[in-house]
Amino acid sequence: MRYGRPGLAGSDPLPGSEVERERSALWAAQQLRDLLQSAEVAPPYVLVSSSLGAWILGLYARTWPDELAGAVLVDPTMRVPWPDEVLRGPVVEDGGSGGIRFPLAACYDELRERPSPPISRSVVVSSSVGRLVRDPPENPWYEPLALEQVDELWQGFQRDRARHLSATQVLAHTAGHFVHRDAPELVSLVTRAVVDAAHAGGHLQLSATELEQSGGYLAGRAD
């Protein structure tokens with residue numbers, strides 16, 4: 001089962017009266033839980049997130065840990081802010097017009113105050129090293145830092161997230177931020193491995209050969 005937040009993946013945008021309202025990542029986690037309950041999908045769950053969805057997944061894990069059997073975080077957004085010299089807007093508009101408006105400072109405070117616990121059978125699937133240098137963004141939001149510095153920071157954020165969750169880290173060979181679009185076989189392979197381990201009640205097993213064939217490699221394994 002998959003879902004799209006308001007304004008994303010075919011979901012309706014928020015109604016006009018709600019568009020300008022800022023909401024926390026925990027609100028979005030509660031919305032996901034309400035949706036699962038309404039659809040009568042019983043826990044435990046293996047949750048898969050991409051980018052900013054990692055905030056929601058992490059807060060779900062902190063708030064309802066017994067409902068999670070595993071997790072896959074695809075190139076997760078960092079849980080701490082960018083350095084001060086990288087200027088960011090005060091609000092992230094999730095999916096553009098009609099999407100959730102996440103206030104950055106409040107969300108980072110929320111993530112710091114309610115850190116996710118280690119998640120059994122969890123994998124961080126990270127975009128490839130150097131992808132920002134190879135494919136520079138049109139908007140130079142990263143200035144005054146160089147792209148090489150930003151790429152190094154991003155990869156550091158990925159390692160941090162894997163350590164924080166006691167997760168295995170898989171790196172894509174060439175995929176960009178949306179790894180599930182650029183290397184769908186890789187994300188599918190990892191997700192299936194997590195689901196299989198959850199069903200069996202055992203440890204996660206990932207084949208280096210299969211990862212290589214799917215466009216990635218093992219960068220770090222959970223203890």
Side-chain angles (χ1 to χ4, degrees), residues 1-2 9 44-58 60-61 68-80 82-83 86 111 115-137 142 145-223:
M1 173 182 178
R2 71 172 187 171
Y45 310 118
V46 170
L47 296 182
V48 182
S49 68
S50 171
S51 190
L52 188 147
W55 291 356
I56 299 168
L57 191 157
Y60 197 111
L68 223 59
V72 178
L73 295 85
V74 180
D75 217 33
T77 299
M78 56 279 184
R79 62 187 183 91
V80 295
W82 284 98
V86 180
L111 293 167
S116 172
I119 301 175
S120 298
R121 310 177 194 96
S122 58
V123 183
V124 171
V125 184
S126 303
S127 57
S128 60
V129 175
R131 54 107 174 167
L132 287 166
V133 178
R134 293 192 303 272
D135 187 18
Y142 49 85
L145 298 185
L147 279 172
E148 292 84 356
Q149 293 173 293
V150 176
D151 191 81
E152 184 176 350
L153 277 169
W154 185 260
Q155 292 300 330
F157 289 138
Q158 298 297 298
R159 292 189 296 271
D160 168 77
R161 184 58 69 97
R163 284 193 300 266
H164 181 69
L165 297 177
S166 296
T168 296
Q169 186 186 12
V170 170
L171 263 166
H173 284 307
T174 61
H177 180 52
F178 297 108
V179 186
H180 53 290
R181 296 179 185 172
D182 296 340
E185 298 87 355
L186 180 62
V187 176
S188 177
L189 173 69
V190 169
T191 302
R192 173 49 58 188
V194 173
V195 170
D196 288 346
H199 275 304
H203 296 292
L204 177 68
Q205 300 291 330
L206 285 171
S207 163
T209 299
E210 291 181 345
L211 287 172
E212 184 72 29
Q213 293 171 342
S214 300
Y217 60 97
L218 194 64
R221 190 181 295 276
D223 296 332

Worksheet entry | Which residues share a side chain to side chain donor-acceptor pair (under 3.5 Å) with Ser128, sequence neighbours left out | Arg134
Please report, to 0.1 Å, the donor-acceptor pairs under 3.5 Å made by any side chain of residues 183-203, with sequence neighbours excluded.
{"from": "Thr191", "atom 1": "OG1", "to": "Val187", "atom 2": "O", "distance (Å)": "2.8"}
{"from": "Arg192", "atom 1": "NH1", "to": "Asp196", "atom 2": "OD1", "distance (Å)": "3.3"}

Response to the item:
Tyr45 meets the ring pair (Phe, Tyr, Trp, His ring centres under 6.0 Å) criterion, sequence neighbours left out, with none
Item to complete: Tell me, please, which residues at least two apart from Pro44 pass side-chain contact (heavy atoms from CB on, under 4.5 Å).
Response: Ala69
Worksheet, complete the sentence: CD of Gln158 to CG of Leu153, rounded to nearest 0.5 Å, is 12.0 Å
Worksheet item: Can you name the nearest heavy-atom pair linking Gly176 to Ser127, along with the distance?
Response: O-CB, 3.3 Å
Worksheet entry | Spatial distance of atom OG (Ser126) from atom CZ (Arg161) [nearest 0.5 Å] | 10.5 Å
Response to the item:
When every non-hydrogen atom of Leu68 is compared with those of Ala61, the smallest separation belongs to CD2-CB, 3.6 Å
Item to complete: Output every pair passing salt bridge (Lys or Arg N to Asp or Glu O under 4.0 Å) with a member in residues 202-213, not counting sequence neighbours, ordered by first then second residue.
Response: none
Item to complete: Check whether any side-chain heavy atom of Val124 sits under 4.5 Å from a side-chain heavy atom of Val170, and report yes or no.
Response: no
Worksheet item: What residue pairs, at least two apart or across chains, pass salt bridge (Lys or Arg N to Asp or Glu O under 4.0 Å) with a residue in residues 47-57?
Response: none
Item to complete: Would you mind listing every salt bridge (Lys or Arg N to Asp or Glu O under 4.0 Å) that reaches into residues 118-133, with sequence neighbours excluded?
Response: Asp75-Arg131
Item to complete: List the atom of Ala71, the atom of Ile119, and the distance in Å for their closest heavy-atom pair.
Response: CB-CG2, 4.0 Å
Item to complete: Would you confirm whether Glu148, through its side chain, and Leu132, through its main-chain N or O, come within 3.5 Å as a donor-acceptor pair?
Response: no
Worksheet entry | Listed partners of Gln149 passing side-chain contact (heavy atoms from CB on, under 4.5 Å), at least two apart | Leu145, Ala146
Worksheet, complete the sentence: Sorted by chain and residue number, the ring pair (Phe, Tyr, Trp, His ring centres under 6.0 Å) partners of His173 (sequence neighbours excluded) come out as Tyr217
Worksheet item: Ser116 and Leu165: side chain to side chain contact (heavy atoms under 4.5 Å, CB included), yes or no, with the steps?
Response: CA-CA 7 Å; Ser116 172; Leu165 297 177; 3.3 Å; yes
Worksheet item: Among all residues two or more places apart in sequence or in another chain, which pass the side chain to side chain donor-acceptor pair (under 3.5 Å) test with Asp160?
Response: Arg79
Practice prompt. Enumerate the residue pairs fulfilling ring-ring contact (aromatic ring centres under 6.0 Å, His included) with a member in residues 147-169, sequence neighbours excluded, ordered by first and then second residue.
Written response: Trp82-Phe157, Trp154-His177
Worksheet entry | His180: side chain to side chain donor-acceptor pair (under 3.5 Å) partners, not counting sequence neighbours | none
Fill in: Leu218 side, atom CG; Leu206 side, atom CG - distance, nearest 0.5 Å
6.5 Å
Worksheet entry | Contact check, side chains of Leu147 and Pro137, non-hydrogen atoms, under 4.5 Å | yes
